[in-house]
Number of protein chains: 2
Amino acid sequence: MGRIRLQDVAERAGVSIKTVSNVINGKGRATDETRDRVQKAVIDLQYRPNVAAQHLRQGRSGIVAVALPELTQPYFAELASEMVRAAKTRGLTVLLAQTDGSPEAERAASDGIDLPLMDGLVLSPLTLTADDLRHRLDPTPLVLLGEHVGDDSPFPHVAIDNRAAARDATAHLLSLGRRRVAAIGAKDPAGGVVPAETAELRFEGYRTALAAAGHPLRPELVASVGDFHRSDGAAAMHALLDLPEPPDAVFCFNDLLALGALRTLRDRGLRVPEDVVVVGIDDVEEGRYATPSLSTVAPDKRSIAETALELLLRHRTDPDAPPRHAVAEHHLVVRESTGGTPRP
Amino acid sequence: MGRIRLQDVAERAGVSIKTVSNVINGKGRATDETRDRVQKAVIDLQYRPNVAAQHLRQGRSGIVAVALPELTQPYFAELASEMVRAAKTRGLTVLLAQTDGSPEAERAASDGIDLPLMDGLVLSPLTLTADDLRHRLDPTPLVLLGEHVGDDSPFPHVAIDNRAAARDATAHLLSLGRRRVAAIGAKDPAGGVVPAETAELRFEGYRTALAAAGHPLRPELVASVGDFHRSDGAAAMHALLDLPEPPDAVFCFNDLLALGALRTLRDRGLRVPEDVVVVGIDDVEEGRYATPSLSTVAPDKRSIAETALELLLRHRTDPDAPPRHAVAEHHLVVRESTGGTPRP
């Protein structure tokens, strides 16, 4: 069985090769009748318009793969949408893979397994380090998201300054005169899908802010979690409220934890911000509509997406340039949960 | 330039073909040193472990593409995660594409453009109808999600009974003795990313429930929206509260609209459920943690995902079977926004 070519399809459909190409590539204006004839020929001949051979010939596929831990985490869903948008303006298509933070899935993505032929991969690893990824098999350009990498990483990466973000959040709570500032999101030694480095850096920022304000670190006010989900924040908040001296402020390592904590505070009859103030990190849209609306540290997601794509494309044109480590901006957003306005 | 084969990589790396294959496919236990040697050979020879040729030979790629409108809609993010889970238990990988509901992107997905060689496609179209898709070019098995198809669709499809879901939600509000029951989510004639059929079917269910209870349909209580987002729900709720006789109950066509409406009710100083009761559709996790927690109609997302994959796989084994149209279950969940318990 010889390989089916565009010309075979054109002959069978009784149209020009250009018309077949246009129809197949979604360009030009073909009538439904023409589309039908091309379609019939494509199916009769079992021609695969998306065969990777075409991409191989062209040397590029126009596809960028983005592998993220969990799309039900709104932060990652919002980041994914920004990646789709940023890619579209560059004529690229994004295909998303969910790794669930498993090391096998992260390695498979970095090795290009079960991924299409792609122009580049953006990976947000939870468990693998840049060092683990040194041994990847796939030479496709790779950009890492998040802090799961050192500055000596062989791959370009984009992250916010997590230490500074956490310090800013904690300092904000202290500036309100609160003295028993809890932290929810430290890493549970039992494991779970928690980005260890993120948790460590944010904890460091929390500790730094306390020290800078001359406050002791109270271990009982540091709540570890198994995951960065709403349910983890809700449970941790219950435990903190059961302390003999409960906190009057809570810094949550992400917005989902904070949204869970807000719900527990309401269930326990406490008022936010009067009794307890709460701040998160991520600036997910949900926090803007929550009751009370959630104060947060907003990473510049658009810039993270744009930069990641720029770094990928740069790698294509200049593969031997030293990897760049970009830091995206962040800023504090004060909403009702720390006494601000509903939706600034 | 001849094609690079596994054997070339094995020879260059000085290991067996089986070892190369294991390393490339993430199987077996290779030492880091072996991985390094294989990696070096792969890169030196520019061997692409993910070439689709391999997939073509095997007749299957193990990849299922799932094309959804928007991943920042938590309903779609949760559905995507269920698809990933369901695929994994069947040894398949899911790659996600976001169409933004654009007809071009939906057609490109159904034609297999910019998608890898895949075993099947699950598409949730917002704008294209099953009829539009008759002219698709790609013979890859296709399953449609949602109600954007008729029962005479040439493709299998999975949806909930949207009319019944909306009827159940509205009847619930009426059962609480409310008489001015508004609806948020009717289609804005100006367009926007609104699934037209969904909006129409849910509107029909609303109207049917009112009629069954002997209540007139008050056009001023039907709010159209440009999109199914929080901001649309918030704006529509403001408009409804500006009426001379505002509603005492609101049925929102999805949870995001309802979460926006809840926020507006709070901004306007109204109590939920005392002054106004609110119900949505989707059962997104956010609604369980919202204040007040949101009553909703829960579609069985797991079953939708499982059924979609089953229909895809059935198509592979029996491509000539008539397309099946599956209806997934739904059920009412009564939470605080209509006087229920916080999180049943």
Side-chain angles (χ1 to χ4, degrees), chain A residues 23-26 32 35-36 38-39 42-43 46 48-53 56 61-63 65 70-72 74 77-78 80-81 84 93-98 100 104 107-108 111-117 135-139 230 234 259-260 262-263 266-267 285-286 288-291 293 342, chain B residues 23-26 32 35-36 38-39 42-43 46 48-53 56 61-63 65 70-72 74 77-78 80-81 84 93-98 100 104 107-108 111-117 135-139 230 234 259-260 262-263 266-267 285-286 288-291 293 342:
Chain A
V23 169
I24 283 175
N25 293 302
D32 270 355
R35 281 187 70 87
D36 266 353
V38 173
Q39 177 199 32
V42 160
I43 290 172
Q46 303 201 315
R48 300 289 306 237
N50 57 355
V51 277
L56 274 176
S61 66
I63 299 176
E70 280 185 306
L71 290 161
T72 49
E78 292 178 13
S81 274
V84 169
T93 299
V94 163
L95 289 177
L96 296 154
Q98 173 166 302
D100 293 316
E104 294 78 21
R107 190 180 285 284
D111 284 351
I113 294 169
D114 289 340
L115 286 177
L117 219 53
H135 306 288
R136 71 191 284 253
L137 292 174
D138 192 349
R230 297 175 187 86
L259 290 157
L262 283 183
R263 179 65 225 194
R266 160 149 162 134
D267 289 341
E285 186 180 274
E286 179 176 349
R288 270 170 254 167
Y289 287 85
T291 296
S293 58
Chain B
V23 168
I24 283 176
N25 293 300
D32 271 354
R35 281 187 71 88
D36 266 353
V38 172
Q39 177 199 31
V42 160
I43 290 171
Q46 303 202 312
R48 301 288 305 240
N50 57 356
V51 277
L56 274 176
S61 67
I63 298 176
E70 282 184 305
L71 289 161
T72 49
E78 292 178 11
S81 274
V84 170
T93 299
V94 163
L95 288 177
L96 296 155
Q98 174 166 304
D100 292 315
E104 294 78 20
R107 189 179 286 284
D111 283 352
I113 294 169
D114 289 340
L115 286 176
L117 217 55
H135 306 288
R136 71 191 284 252
L137 292 173
D138 191 347
R230 297 175 189 86
L259 290 157
L262 284 183
R263 181 64 224 194
R266 160 151 164 134
D267 289 342
E285 187 180 273
E286 179 177 349
R288 269 170 254 167
Y289 286 85
T291 296
S293 59

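Residue numbers begin at 1 in each chain, while the letters A, B, ... track the order of the sequences. We use all heavy atoms of the structure for the numbers below, so side chains are in, but hydrogens, waters and symmetry mates are not.
Applying the salt bridge (charged side-chain N to carboxylate O under 4.0 Å, His left out) criterion to B/Arg266, with sequence neighbours excluded, gives A/Glu336. Judged as a salt bridge (charged side-chain N to carboxylate O under 4.0 Å, His left out), and not counting sequence neighbours, B/Arg136 has no contacts.
With A/Arg263 contributing its side chain and B/Ala290 its backbone, the two residues share a donor-acceptor pair below 3.5 Å.
Between chain A and the options B/Thr72, B/Val94, B/Leu71, B/Leu259, heavy-atom pairs under 4.5 Å are most frequent for B/Thr72. Each of A/Val84, A/Asp267, A/Thr291, A/Leu262 has some count of heavy-atom pairs under 4.5 Å with chain B, and the biggest count is that of A/Thr291.
The shortest heavy-atom contact between B/Tyr289 and A/Ala234 is CE2-CB, 4.1 Å.
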(message) Using side-chain hydrogen bond (donor to acceptor under 3.5 Å, both in side chains), reason through B/Gln98 and A/Ser81 one step at a time and then give a plain yes or no.
(response) CA-CA 8 Å; B/Gln98 174 166 304; A/Ser81 274; 3.2 Å; yes
(request) Tell me, with the steps shown, if B/Arg230 and A/Glu286 meet side-chain contact (heavy atoms from CB on, under 4.5 Å). (result) CA-CA 8 Å; B/Arg230 297 175 189 86; A/Glu286 179 176 349; 3.9 Å; yes
